[in-house]
Amino acid sequence: MSQQQISLPAKLINGGIAGIVGVTCVFPIDLAKTRLQNQRQGQQVYKNMMDCLIKTVRSEGYFGMYRGAAVNLTLVTPEKAIKLAANDFFRHHLSKDGKGQTVFKEMLAGCGAGMCQVVITTPMEMLKIQLQDAGRLAAQQQKPVMMAPAKLVATNTVLSRSYNSGTVVSAPRAVSATQIAKDLLRTQGIRGLYRGLGATLIRDVPFSIVYFPLFANLNRLGKPSPEQSSPFYWAFLSGCVAGSTAAVAVNPCDVVKTRLQSLNKGSSEEAYNGVVDCVSKIMQKEGPSAFLKGAGCRALVIAPLFGIAQVMYFAGIGEYILDNSPLNLLLA
């Protein structure tokens with residue numbers, strides 16, 4: 001990388017394709033992570049990841065597991081593209097002195113990548129979380145009704161009522177990401193879409209600082225020689241290990257970010273006034289273990305996501321597309 005000019009358009013294509021493929025594969029687990037992280041003590045609807053996915057399919061159907069996937073698939077292309085391309089860009093410029101990459105320079109490059117990606121990540125996560133968590137809120141309100149089996153059949157005939165109507169609760173009203181975005185822009189302006197920006201920075205910058213150097217060094221171990229690239233399976237495994245390690249390391253920050261970005265609260269769920277207030281209230285009411293909620297799900301999401309991303313990235317699909325594009329062929 002340090003000896004050749006990087007192709008930014010190719011890296012953007014690689015990052016975008018990697019993001020779409022990865023998100024499509026792991027989105028249901030990400031939905032379970034969001035719902036588990038938003039649960040409070042005494043109001044648990046789901047016991048664990050599998051329980052969450054089973055209950056989601058039963059109550060919302062198979063596609064209920066992909067609630068919020070559209071906004072993620074739309075914005076993950078620029079998000080992953082910026083993240084991976086920015087890291088490449090910073091690594092390239094930090095190694096121009098000819099001394100190669102040190103761990104400190106790799107961490108600096110990762111830090112720069114994390115800071116760049118939040119421009120897209122914050123509004124993407126903001127909209128995605130509202131859609132993902134709607135099913136949990138509806139299930140939480142239905143819980144007292146569901147505990148009485150004799151009333152279950154009767155309840156099904158009136159699911160069209162508003163879920164603020166008392167004892168009978170409706171299925172979550174279908175609201176699109178576009179509607180949510182319009183409402184936020186109308187009522188709060190651009191700041192509404194960037195709610196939780198500080199928490200997103202606190203999560204994504206340390207993640208990139210851990211992930212990129214760890215991946216680079218693990219991937220280097222699989223190279224047959226310094227001049228050759230590592231096999232694709234080694235890049236995949238390196239991405240999985242580095243991604244899951246970084247994901248678990250910053251999970252407390254992800255819990256805080258998820259809570260701050262959740263606009264709709266369940267019954268008796270408190271609101272938070274910033275990162276410090278959120279951390280303080282979670283510690284007081286739920287204890288330190290609350291910061292590990294969804295850690296397993298997050299590791300299962302990030303591991304294959306970044307494994308797939310690195311395989312797609314280093315396969316050079318973006319370079320192939322650009323080299324064989326009609327415009328390039330005409331100029332050749």
Side-chain angles (χ1 to χ4, degrees), residues 11-12 15-16 18-19 22-23 26-27 29-30 33-34 37 68 71-91 94 105-129 132 190-191 193-216 239-262 272 274-276 278-279 291-295 297-310 313:
K11 300 306 180 189
L12 294 175
V23 166
V26 301
F27 193 84
I29 305 174
D30 186 63
K33 180 219 63 149
T34 297
Q37 285 182 339
V71 66
N72 219 34
L73 287 170
T74 302
L75 295 179
V76 76
T77 298
E79 191 246 5
K80 282 290 176 288
I82 289 172
K83 186 185 188 81
L84 295 172
N87 180 67
D88 254 5
F89 177 81
F90 288 122
R91 283 175 65 89
L94 286 169
K105 286 183 177 180
E106 290 174 339
M107 292 174 70
L108 278 179
C111 178
M115 293 182 73
C116 289
Q117 77 171 91
V118 296
V119 175
I120 300 295
T121 304
T122 305
M124 178 183 77
E125 296 262 315
M126 178 72 181
L127 297 173
K128 181 193 72 172
I129 285 171
Q132 285 183 328
I190 194 69
R191 290 178 60 186
L193 287 176
Y194 280 87
R195 181 188 177 110
L197 174 62
T200 307
L201 275 169
I202 292 171
R203 182 197 67 171
D204 288 347
V205 171
F207 178 92
S208 295
I209 289 174
V210 173
Y211 172 77
F212 284 111
L214 183 57
F215 169 78
C240 288
V241 172
S244 57
T245 302
V248 173
V250 302
N251 194 75
C253 303
D254 191 56
V255 172
V256 173
K257 183 198 72 66
T258 299
R259 296 281 183 95
L260 287 173
Q261 289 187 321
S262 297
Y272 305 107
V275 174
V276 175
C278 182
V279 172
F291 292 105
L292 294 178
K293 285 184 177 180
C297 291
R298 184 161 163 76
L300 289 174
V301 168
I302 297 297
L305 182 61
F306 277 86
I308 293 167
Q310 292 298 352
Y313 195 63

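Each residue takes its place number in the sequence, starting with 1. What you see is a predicted model; the values in this text were computed from it and never measured.
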Please check if the side chain of [X] supplies one atom and the backbone of [Y] the other of a donor-acceptor pair under 3.5 Å.
{"X": "Lys105", "Y": "Leu94", "value": "yes"}
{"X": "Asp254", "Y": "Arg203", "value": "no"}
{"X": "Arg195", "Y": "Leu260", "value": "yes"}

I need the [X] [atom1] to [Y] [atom2] distance, nearest 0.5 Å.
{"X": "Leu292", "Y": "Asn251", "atom1": "CG", "atom2": "CG", "result": "6.5 Å"}
{"X": "Ser208", "Y": "Lys83", "atom1": "OG", "atom2": "NZ", "result": "3.0 Å"}
{"X": "Phe291", "Y": "Lys293", "atom1": "CZ", "atom2": "NZ", "result": "10.5 Å"}
{"X": "Tyr272", "Y": "Ser262", "atom1": "OH", "atom2": "OG", "result": "9.0 Å"}
{"X": "Leu75", "Y": "Met126", "atom1": "CG", "atom2": "CE", "result": "13.5 Å"}
{"X": "Gln261", "Y": "Ile129", "atom1": "CD", "atom2": "CD1", "result": "4.5 Å"}

Can you name the nearest heavy-atom pair linking [X] to [Y], along with the distance?
{"X": "Gly110", "Y": "Asn87", "value": "N-OD1, 3.6 Å"}
{"X": "Arg259", "Y": "Cys278", "value": "CB-SG, 3.9 Å"}
{"X": "Leu214", "Y": "Ala242", "value": "CD2-CA, 3.7 Å"}
{"X": "Phe306", "Y": "Gly239", "value": "CB-O, 3.8 Å"}
{"X": "Gly294", "Y": "Lys33", "value": "O-CG, 3.6 Å"}
{"X": "Gly114", "Y": "Val118", "value": "O-CG1, 3.5 Å"}

**Study point:** Contacts of type ring pair (Phe, Tyr, Trp, His ring centres under 6.0 Å), residue Phe212, not counting sequence neighbours
**Key:** none
Residues which pass side chain to side chain contact (heavy atoms under 4.5 Å, CB included) with [X], listed by chain and number, not counting sequence neighbours:
{"X": "Val210", "value": "Ala246"}
{"X": "Leu300", "value": "Ile29, Met49"}
{"X": "Val248", "value": "Ala299"}
{"X": "Leu73", "value": "Ile20, Val23, Thr24"}

Who pairs with [X] by side-chain hydrogen bond (donor to acceptor under 3.5 Å, both in side chains), at least two apart in sequence or on another chain?
{"X": "Lys128", "result": "Asp30, Glu125"}
{"X": "Asn72", "result": "none"}
{"X": "Ser244", "result": "none"}
{"X": "Glu79", "result": "Gln117, Thr121"}

Point to revise | salt bridge (Lys or Arg N to Asp or Glu O under 4.0 Å) pairs, two or more places apart, involving residues 109-118 | key: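 Matches after skipping sequence neighbours: none remain.
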Exercise for review: State, yes or no, whether a side-chain contact exists between Arg298 and Val250 at a heavy-atom distance under 4.5 Å.
Suggested key: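 Side chain of Arg298 against side chain of Val250, heavy atoms only: contact under 4.5 Å found.
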Practice item. Indicate yes or no: at least one non-hydrogen side-chain atom of Tyr211 is less than 4.5 angstrom from one of Thr245. Key: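 No, too far: nothing below the 4.5 Å cut-off.
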Exercise for review: In sequence, state the C-alpha distance, the side-chain angles, and the governing distance for Thr122 and Leu193, and then conclude on side chain to side chain contact (heavy atoms under 4.5 Å, CB included).
Suggested key: CA-CA 7 Å; Thr122 305; Leu193 287 176; over 6 Å; no
Exercise for review: Please assess Phe90 against Cys116 for the test side chain to side chain contact (heavy atoms under 4.5 Å, CB included), listing each intermediate value before the final yes or no.
Suggested key: CA-CA 11 Å; Phe90 288 122; Cys116 289; 4.1 Å; yes
Review point. Where do Met107 and Cys111 land on the side chain to side chain contact (heavy atoms under 4.5 Å, CB included) test, with the steps shown first?
Key: CA-CA 6 Å; Met107 292 174 70; Cys111 178; over 6 Å; no
